[in-house]
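Counting starts at 1 for both ligands and their atoms, following the listed order. On a predicted model such as this, the values are computed, not experimentally measured, just so you know.
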Amino acid sequence: MKKIVIFASGSGSNAENIFNKTKDKIEITGIFTNNPNAGVIDRANRLKIPVFIFQKNELTDINSILYSTLSTIGYDLIVLAGFLLKIPDELIQFSNNRIINIHPSLLPKYGGKGMYGDNVHNAVIHNKESESGITIHWVNNEYDKGAIINQYKIIVTPEDSVETLSIRIHKLEYEYFPKTIIHLLT
Ligand code: GAR
């Protein structure tokens, strides 16, 4: 079975959805978070997936417990699912460029530092965009700039709010993120 690890900083609904939709084909060997209060921790415990909390500075220290844990548990792909810290060169090289991210907009629009979750939807609504969507892309050392794997669109109407947009974007993510992971690994 192919293995993935997931990095998440928040609620972790994508992480749980990936587990549910890929469990017959892919093993999640660990969920990593930098946020000791992240909702994803409860989810991982409930799903019996090992969870690892690390400090931000471990990301740039290849002698840290974060890196030794990654080596020990093994993975074919690192999946960022709502992970908010910048991925440094150290991790990109360590993983041989095998890191993907999901972003809740049509990159290159609304990417970069500070652009995550509801901040993105807020900006889309503020700018009266007529469409938005999701981007699944490879991770390089610039925020949200790695090669795009695929994008999916939705129509944004004048009636949309951050909440309605967030719900529809999450639906797209739940449908296409697991499919993309399976496609990349099998
Ligand atoms: C998702 O919408 C994901 O696209 C976004 O965070 C949300 C996490 O939701 N990621 C980013 O904004 C990355 N820049 P979840 O915790 O419920 O899976």
Who are the residue neighbours of ligand 1 when the rule is a heavy atom under 4.0 Å from any of its atoms? S11, G12, S13, N14, G82, I102, H103, P104, M115, Y116, G117, H170, E173
Straight-line distance of S161 OG to N122 CG, nearest 0.5 Å: 10.0 Å
Please enumerate all residues that pass ring pair (Phe, Tyr, Trp, His ring centres under 6.0 Å) together with Y110, with sequence neighbours excluded. none
Connected to Y116, directly or through other members, by ILVMFWY side-chain contacts below 4.5 Å are L84
Cluster companions of L80 among Ile, Leu, Val, Met, Phe, Trp, Tyr (side-chain spacing under 4.5 Å): V5, F7, F32, F52, F54, L59, I62, L66, Y67, L70, I73, Y75, I78, F83, L85, I87, L91, I92, F94, I99, V139
Separation of Y176 OH from I102 CD1 (nearest 0.5 Å): 11.5 Å
Taking atom types as modelled, is there a side-chain donor on R43 or S13 under 3.5 Å from an acceptor on the other? no
